[in-house]
*Asks:* 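I have a structure here, written as structure tokens, and I will follow up with some questions on it.
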Amino acid sequence: MSPFELTVSEGFENPKGFYDATPTFSWKLPENIKSQTAYSIVAASSPDLLPNNPDVWKSGKIISDHSIFIKYEGPNLVSRQKVYWQVKYWDSQEQPSEWSEIANFELGLLKNNDWKAHWIGINTAKDSIKGVREFLMHRPQYLRKVFELTTDITSARLYITAKGVFDVHLNGNDVSNDVIPPGWTPYDKRIETITYDVTDLIESGQNTLAVELASGWHSGRISRGKALYDNLASPKILCQLELESIDGSKKIIVSDKSWKGTTNGPIRLAGIYDGEVYDANLEMPDWTKTSFNDKVWKSVETEAIMDSVKLEPKRHNTVKQKTIIDDVTIVSVDNNSAIFNLGQNMVGVPKVKVPMKKGDTLKIRFSEMLLSDGTFYTTNYRSARSTDYYIAAKDGIAEYTPKFTFHGFQFVELRGFDQNAKPSSDWVQGLVQHSNFKVNGTFTSSHKKLNQLQSNITWGLRDNFFDVPTDCPQRDERLGWTGDAQVISPTAMFNYNTHAFWTAWLQSMRETQSEHENGLIPFIVPDVLQNNNASSGWGDACVIIPWDIYNITGDVTVLEDSYESAKKWVGYYESKVKKKPYIPIMHSFGDWLQPYPSKSLKKGNRGDTPKELINTAYFAHSAHLISKIAGVLGKTDDEKEYKNLYKAVANAFENEFFDENARFKQDKQTQTSYLLGIYFDLFKPESKIKAQNHLLEEIKKADYHLGTGFLGTPILPKVLDDMGEIDLMYKILFKETYPSWFYSINQGATTMWERWNSYNKEEGYNPQSMNSLNHYAYGAIGQWMYERIAGIAPLEPGYKSIRIAPIPGGPLTSAEASYHSPYGKISSAWKKENGSFYLNVTVPPNTTAIINIPGNTEKEIKVNGGNIKDYQNIRMMDSQEGSFEVLVRPGTYSFKSNLN
Ligand code: BGC
């Protein structure tokens with residue numbers, strides 16, 4: 001059987017407009033194949049040349065069991081180049097397989113000088129409107145170009161991007177269903193370009209390209225600081241249509257001064273924070289078709305491409321509409337307004353179908369939750385107006401979906417519909433939008449609230465993966481906060497194939513760092529705050545995320561790409577060390593939003609674990625990770641140097657912040673002070689045990705509740721798990737009272753909250769306006785749920801070798817998870833019944849797994865109903881008390897042990 005699921009780089013299947021001229025190749029082996037002993041890859045410019053006459057590259061027969069992220073080692077690949085490739089493997093008997101099906105990838109325009117087009121647009125700065133906080137709001141633009149073709153076309157590629165966000169049409173057809181492309185990058189460094197295959201939309205004779213353009217992140221209000229990007233700059237598009245004719249001739253249509261434009265279209269205003277205004281009276285039927293008369297439209301202004309801003313193909317998927325929520329209920333109706341509940345805190349836009357009167361305005365408002373009087377709680381939106389308006393052009397049903405904005409909401413209020421109409425729940429649907437990635441993993445259990453927690457985690461992830469990982473989707477922030485990202489990446493990677501999403505954002509992070517000589521990584525990426533400051537625990541995302549992505553995927557390129565940036569960041573720590581050696585004196589957000597802080601309100605947000613302790617802990621940890629990364633990359637000198645640095649900082653950490661009994665030298669003890677020292681391995685062995693005991697005392701003092709914020713929470717389950725305190729971790733996880741994961745669920749949460757106490761039914765909302773009900777950081781608990789409760793964890797990068805070691809606990813009687821690793825599906829499903837423990841596992845080809853099965857090792861353990869000894873693919877290992885350990889090869893196994 002031949003290899004299958006061929007992908008390039010971060011899991012792309014036959015991509016067009018591909019970004020990577022030095023791709024890697026990955027494939028999967030058929031289920032019955034235990035392992036691979038060799039492989040061969042061939043690549044050609046045409047499928048007809050494969051497999052025997054590859055004219056681009058051939059690896060030859062490589063003795064190796066590697067089948068993921070194999071580097072291309074052929075001649076340089078160039079823009080527009082289409083490459084076809086195939087692979088075959090040799091199995092454990094060294095028998096060759098058939099060649100795989102033929103896969104391909106087509107590169108986009110890789111360089112600025114590939115572009116013959118100009119940036120074009122209407123100068124909307126001069127008639128822009130003063131919006132919230134004096135921010136100028138640009139009128140959305142409608143741009144079009146008619147062109148003539150005299151020959152039949154065999155292939156047509158549209159390369160397009162914007163300083164702003166766009167929607168493009170060809171001959172009246174939508175070219176794509178991308179949501180507000182191209183996306184958000186550090187626009188002064190790099191703007192992503194999108195490639196569309198429009199061959200089927202081209203007509204012989206006259207054709208029309210038409211583009212809607214709005215401010216987006218480039219020219220709109222984003223963040224509370226003065227927007228980095230020239231807010232006054234009018235949005236512009238850049239597009240290039242490349243056509244190949246039947247006679248082989250080529251033709252290029254570019255954005256230039258021959259285009260025409262208007263701002264008198266139906267979308268009057270559109271901003272990410274503040275919403276959209278749509279006036280149906282200004283609709284221009286058929287403006288995207290050749291027949292439309294644009295005589296009165298303006299000529300566009302043009303601007304040359306700057307070499308300082310790189311134009312590169314987008315390296316991850318665009319945002320798409322992924323699901324529709326139409327199970328909607330009406331909460332209340334009051335004269336001429338109605339409130340609709342979508343039952344889930346989501347991100348995206350509403351689709352409304354409402355009876356209207358000509359000239360009336362429909363006002364559409366949003367809220368995540370209601371106040372006790374049933375009205376909207378929008379204090380936590382802060383200055384984000386997040387309101388859409390639709391002005392009806394005629395009597396009758398009006399259908400409207402906002403295009404150039406997005407909202408975070410569970411409730412929708414409509415006001416201004418036909419007063420004679422009786423509101424109906426089908427007036428509103430929720431169009432859920434997020435970056436386009438596939439489900440990678442699943443988790444479920446016998447416990448309703450634990451399953452709700454999983455649902456809140458996954459909704460929180462989808463809701464905040466809107467081209468960049470945002471802190472929240474509803475208020476006047478929605479920014480790429482680095483600290484939140486570093487704690488959630490493993491949980492995100494388990495649930496969704498976000499490999500490319502993360503590596504794309506890491507490129508933006510490195511580009512943003514490059515502005516700072518001293519290696520500073522700003523709070524957020526893209527950095528629209530520009531406050532020239534960094535925080536420990538946040539900036540470390542540039543080291544921690546690459547390390548996590550490498551261990552989860554086995555893709556070493558993320559380490560190679562991030563290595564220098566990581567070293568610069570540790571250099572930043574070194575530059576912040578003043579009098580006390582190895583103790584950086586710098587800003588930190590601390591253990592953000594730790595519960596029961598000693599100071600109240602805003603002053604308490606940073607918790608009670610001192611920033612110097614946190615600075616030193618992360619300085620040591622990042623140095624340690626760089627030493628490990630250097631080891632993987634074969635940089636032995638660096639490996640030694642950073643290992644020594646880590647040890648020196650660790651030593652300083654213990655001496656500075658802990659006494660001889662390893663007790664934290666501060667009256668106000670915190671769980672996180674111990675968690676950081678223990679998890680980052682900063683204590684001498686003899687101190688570590690003492691520190692672990694102090695931690696257990698602190699947890700006991702908190703009545704077995706967590707006492708951690710953004711930094712301590714993701715580490716708590718890992719530390720207790722390493723200490724073998726599994727039952728204690730279950731106790732903390734299944735707590736119902738504040739602070740706990742189930743507390744917000746008991747108060748009605750359908751996503752993760754920014755605060756442990758964002759709301760409760762008795763007292764209402766947290767008084768601070770910084771109170772997002774959709775922040776994913778505390779969802780980092782997911783990793784422990786998958787790796788310990790269900791029991792699936794990598795032992796080697798990419799899950800080449802797997803540990804399946806579920807440990808039941810709490811009130812659970814069953815749990816299961818599945819995960820699509822680079823080698824294939826892994827699954828673990830257990831249940832306890834009548835004193836027996838049942839465990840079903842799937843181990844993918846070309847991997848091995850060590851499985852720990854809880855049970856009385858004095859009694860017999862069965863596999864697939866039979867005796868383990870009869871199974872060649874299973875080797876019994878030394879069991880510890882209370883659990884069996886076996887080493888298995890690929891396959892599916894059902895174990896049954898005796899718990900008594
Ligand atoms: C953001 C958080 C961030 C924090 C740091 C908040 O405003 O929402 O995501 O981690 O600031 O202080």
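Order of listing sets the numbers, starting from 1, for every ligand and every atom in it. For the numbers below, each heavy atom of this structure counts, side chains included, while hydrogens, waters and symmetry mates do not. Along the sequence shown, the residues carry numbers beginning at 1. Computed from a predicted structure; not experimentally measured.
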*Asks:* Under 4.5 Å between any side-chain heavy atoms of Thr713 and Trp756, yes or no?
*Replies:* yes
*Asks:* Report, in ascending order of atom number, the atoms of ligand 1 lying under 4.0 Å from any heavy atom of Glu754.
*Replies:* 8 (O)
*Asks:* So, is the end of the Arg462 side chain (NZ or CZ) under 6.0 Å from the ring centre of Trp459 and within 45° of the ring's axis?
*Replies:* yes
*Asks:* If we set the cut-off at 4.0 Å for heavy atoms, which region of Phe523 has an atom near ligand 1: side chain, backbone, both, or neither?
*Replies:* neither
*Asks:* Using a strict 4.0 Å cut-off to heavy atoms of Arg475, name the atoms of ligand 1 that fall inside it.
*Replies:* 1 (C), 7 (O), 8 (O)
*Asks:* Would you mind telling me if ligand 1 is within reach of the side chain of Arg478, the backbone, both or neither, using heavy atoms under 4.0 Å?
*Replies:* neither
*Asks:* Salt-bridged, Lys718 to Glu787, with N to O below 4.0 Å?
*Replies:* no
*Asks:* Heavy-atom distance to atom 6 (C) of ligand 1: which of His775, Glu477, Arg606 wins?
*Replies:* Glu477
*Asks:* Taking the inter-plane angle between the rings of Phe710 and Trp592 on a 0 to 90° scale, is it parallel (under 30°), tilted (30 to 60°) or perpendicular (over 60°)?
*Replies:* perpendicular
*Asks:* Please determine whether a side-chain nitrogen of the Lys or Arg among Arg478 and Asp471 lies less than 4.0 Å from a carboxylate oxygen of the Asp or Glu.
*Replies:* no
*Asks:* Which of the atoms of ligand 1 are close to Asp484, meaning less than 4.0 Å from one of its heavy atoms?
*Replies:* 2 (C), 3 (C), 9 (O), 10 (O)
